[in-house]
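To find a chain, count down the sequence lines: A is the first, B the second, and so on, and within it residues start at 1.
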Protein chains: 2
Amino acid sequence: MNLPPLIQTFVLHFGEMGSRWGINRTVGQIYALLYLSDQPLNADQIVESLGFSRSNVAMGLKELASMNLVMLKHKPDDRKDYFDTHEDIWDIVRNLVEARRKREVEPTLSMLRSIILEQPVTDVEKHAQKKMHEMHDLIEMLTRWYKEMQRLETERLVRFLNMGAKIYDFFQFKNKTDHPIETTSESD
Amino acid sequence: MNLPPLIQTFVLHFGEMGSRWGINRTVGQIYALLYLSDQPLNADQIVESLGFSRSNVAMGLKELASMNLVMLKHKPDDRKDYFDTHEDIWDIVRNLVEARRKREVEPTLSMLRSIILEQPVTDVEKHAQKKMHEMHDLIEMLTRWYKEMQRLETERLVRFLNMGAKIYDFFQFKNKTDHPIETTSESD
DNA sequence: CTCTGTTTTCAGTATATACTGAAAATAAAG
DNA sequence: CTTTATTTTCAGTATATACTGAAAACAGAG
């Protein structure tokens, strides 16, 4: 690896963190490199920069593509595949969260859906099923909320996030006065 | 392992998912078992239920304790340590998210903090640093928002999440009319 | 069609992580 | 203090995951 120190630190960090983020070192480093690069890179350039085997890089890129974290691009008169990350960092967040939801949440949700349909026999099972139901409802609630956020375009999402504290006050206010809040025509 | 089928399915699923959630099979299964149990369990009972070695269970419990996902309890005239999960499922979420933030976000944030202080030399480094700055600001923003949510008590948090769609409308409304919204005395 | 540059696959190997059993540490009870 | 119940540590081993190199598949150019 022979990268400018600033870039190297970042790339190595992403490699190390990879395992905590459910991706491996190779994938982490490749993503970091592409994120910092001011132009799309091809697999050979990545091999050159990071020192992994060609096949390992190919697999890493495939995984990143499956998570919609990299985009395939082409240059005129060049048959090589070039890879790039999204321009808008919020698109990165959206794709990242979606990929993790699919991997980490969706399987559990469907397991819960099927299991709460079954008939509990003993009291122990009854209690267990109640807890599972509780978890199921919570995940569904968070998922519903997440899907709504996912639809917000960047500008509104940012504004919404920056409102955080004020929204908190807003609910405090609502709570104290007990007046329903008119936002659109719809009410609670 | 000899558990009621309903419980066994759930426990095994948590074990399998463990690796995707950054915990291992043992930790996943132990947590699942404790979550479903209607009473605190001691290490021997967990060994009995799951078939892991005593030491593996001890390590798993230690890890769960470090993430504040299990609580230590004692019974009268019994020297054994008993473990239990939180009553309120939202407390579980709060502790879970906090544990993951510490592991998965905090180290990156401090790496970024230190790296954006350095002096870039080349144009390539300048561009890279700009991208790092962008990432840093985004993570800080999300963290700030998260900390505010973390402070909300369960009832308000649930109400807030259920508002999701309406808040979206609310911003649409704001956007169209361009009137600042009065919530408390403070304004934008 | 063949040739050439490129990507993908996959069996084998290396590395990292999880797990165990035995021994050490701890802490309550006598 | 010693004894006994319990938890923790840790070196060694097993298992799972990552990584490589060689070969196969693919795709555009002639």
N56(B), nearest nucleotide to its side chain (from dT8(C), dT20(D), dC19(C)):
dC19(C)

Which nucleotide wins on minimum distance to the side chain of S53(B), given the candidates dC19(D), dT6(C), dT20(C)?
dT20(C)

Any salt bridge linking E155(A) with R159(A)? Criterion: basic side-chain nitrogen under 4.0 Å from a carboxylate oxygen.
yes

Whole angstrom is fine here: how far is it from CD1 in I30(A) over to C1' in dA18(D)?
12 Å

Could you check M59(A) against D81(A) and say which one's nearest nucleotide on DNA chain C is further toward the 5' end?
D81(A)

Name the nucleic acid region contacted by D44(B), choosing base, sugar-phosphate or nothing; use a 4.0 angstrom heavy-atom cut-off, strictly under.
nothing

Nearest-angstrom distance from the residue atom CZ of R54(B) to P of dA24(C)
18 Å

Spacing of N24(A) atom CG relative to dT17(C) atom P, expressed in whole Å
11 Å

Starting at CG of D77(B) and ending at P of dT4(D), how long is that distance when rounded to a whole Å?
20 Å

To the nearest Å, give me how far apart CG (L72(A)) and P (dA27(D)) are.
13 Å

Any side-chain N or O of K62(A) under 4.0 Å from OP1/OP2 of dT7(C)?
no

Just call it for R25(A): base, sugar-phosphate, or nothing, with non-hydrogen atoms closer than 4.0 Å on any strand.
sugar-phosphate

Indicate the ring-plane relationship of W145(B) and F160(A), choosing parallel, tilted or perpendicular according to the 30° and 60° boundaries.
tilted

Could you check S55(A) against D78(A) and say which one's nearest nucleotide on DNA chain C is further toward the 5' end?
D78(A)

Could you give the CZ-to-P distance, from F52(A) to dT7(C), as a whole number of Å?
18 Å

Presence of salt bridge, K147(A) and E140(A), under 4.0 angstrom:
no

Figure out the CD1/P separation between I23(A) and dT17(D), and round it to whole Å.
16 Å

Interatomic distance where NE2 belongs to H74(B) and C1' belongs to dA5(D) [whole Å]
13 Å

Parallel, tilted or perpendicular for Y31(B) and Y35(B), by the 30°/60° rule?
parallel

What nucleotide among dT4(C), dT8(D), dA5(D) has an atom nearest to a side-chain atom of R79(A)?
dT4(C)

Measure from the side-chain heavy atoms of T26(B) and tell me the nearest of dT7(C), dC19(D), dC19(C).
dC19(C)

Pair R103(A) + E63(A): basic N to acidic O under 4.0 Å:
yes

